[in-house]
Amino acid sequence: MDYEVLEEIFRLDQGMKAALATVIATLGSTPRKAGAQILFFPDGTSRGTIGGGCAEAEVRQQALEVIETGQPLLIKVNLTREVAEDSGMICGGTMEVFIEPILQQD
């Protein structure tokens with residue numbers, strides 16, 4: 001658990017929505033490993049990181065959908081050689097990321 005992210009969840013005002021993305025598995029070279037977390041807000045801002053770059057942008061897009069629908073999602077982020085080279089990344093693996101909705105209640 002990323003304590004910076006956890007603290008941010010506790011700071012959410014009542015009725016506020018967010019989405020928590022957690023790397024649950026990796027294969028090959030990835031910027032962060034299992035357990036890395038990032039919290040996304042409806043306006044697209046975030047707290048924490050799962051490695052930045054295109055991978056984080058892809059997860060952000062999916063997280064905004066999770067915030068809207070309230071439905072959790074498991075995605076696979078491809079950082080393999082072909083994809084990585086096209087975007088200038090030096091990684092070469094895959095990350096499985098679980099994205100769950102967060103709704104602060106009483």
Side-chain angles (χ1 to χ4, degrees):
M1 171 65 63
D2 183 318
Y3 290 107
E4 177 186 11
V5 171
L6 182 62
E7 287 177 356
E8 196 67 32
I9 290 170
F10 285 128
R11 283 191 207 118
L12 291 175
D13 292 332
Q14 181 179 350
M16 212 171 156
K17 295 181 179 181
L20 177 63
T22 304
V23 176
I24 60 169
T26 62
L27 181 63
S29 178
T30 59
R32 300 282 308 268
K33 299 300 178 191
Q37 293 181 310
I38 185 169
L39 184 67
F40 290 102
F41 301 98
D43 65 0
T45 60
S46 61
R47 177 77 70 214
T49 185
I50 57 167
C54 293
E56 203 162 281
E58 182 178 337
V59 173
R60 172 180 278 112
Q61 182 179 359
Q62 297 297 320
L64 293 176
E65 262 186 55
V66 167
I67 291 170
E68 192 172 307
T69 66
Q71 297 299 309
L73 186 63
L74 178 64
I75 64 170
K76 190 173 196 174
V77 180
N78 187 350
L79 304 170
T80 56
R81 172 170 238 114
E82 301 81 28
V83 174
E85 286 176 353
D86 288 345
S87 60
M89 296 184 300
I90 58 171
C91 299
T94 59
M95 297 177 7
E96 285 188 45
V97 181
F98 180 67
I99 308 169
E100 59 190 304
I102 303 291
L103 174 59
Q104 191 64 300
Q105 299 177 353
D106 294 340

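FYI, side chains are in, hydrogens and waters are out, and symmetry mates aren't considered; it's all heavy atoms of this structure.
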What about [X] and [Y], same hydrophobic cluster or not, with Ile/Leu/Val/Met/Phe/Trp/Tyr joined at side-chain heavy-atom distances under 4.5 Å?
| X | Y | value |
| --- | --- | --- |
| F10 | Y3 | yes |
| I102 | F41 | yes |
| M16 | L64 | no |

Nearest 0.5 Å, please: how far is [atom2] in [Y] from [atom1] in [X]?
| X | Y | atom1 | atom2 | value |
| --- | --- | --- | --- | --- |
| I67 | Q62 | CD1 | CD | 12.0 Å |
| Q14 | L12 | CD | CG | 11.5 Å |
| N78 | M95 | CG | CE | 11.0 Å |

E56 side chain vs I50 backbone, donor-acceptor pair below 3.5 Å =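 At least one qualifying donor-acceptor pair exists.
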Please report the shortest heavy-atom distance between [X] and [Y], naming the atom on each side.
| X | Y | result |
| --- | --- | --- |
| P101 | V66 | N-CG1, 3.6 Å |
| A21 | I99 | CB-CG1, 4.1 Å |
| G48 | V5 | CA-CG2, 4.0 Å |

Any side-chain heavy atom of F98 within less than 4.5 Å of one from E96?
->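 When only atoms from C-beta onward are counted, E96 and F98 do not touch, as no gap falls below 4.5 Å.
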Are any of the side-chain heavy atoms of V59 and I75 separated by less than 4.5 Å?
->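 Counting from C-beta outward, V59 and I75 do come under 4.5 Å.
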With sequence neighbours excluded, residues passing side-chain hydrogen bond (donor to acceptor under 3.5 Å, both in side chains) with [X]:
| X | value |
| --- | --- |
| R60 | S46 |
| T94 | none |
| K17 | none |
| E8 | R11, R47 |

Return each pair, listed once, that meets side chain to side chain donor-acceptor pair (under 3.5 Å) where at least one residue sits in residues 63-75; pairs must be two or more places apart or across chains.
->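 Qualifying pairs, neighbours excluded: none.
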Under 3.5 Å, sequence neighbours excluded: what are the donor-acceptor pairs made by side chains of residues 31-40?
unit_1	atom_1	unit_2	atom_2	d
R32	NH1	T49	O	2.9
K33	NZ	G28	O	3.3
K33	NZ	T30	OG1	3.2
Q37	OE1	D2	N	3.1
Q37	NE2	T22	OG1	2.9

Just do the side chain to side chain contact (heavy atoms under 4.5 Å, CB included) check on V77 and V23 with the steps written out, would you?
-> CA-CA 10 Å; V77 180; V23 176; over 6 Å; no
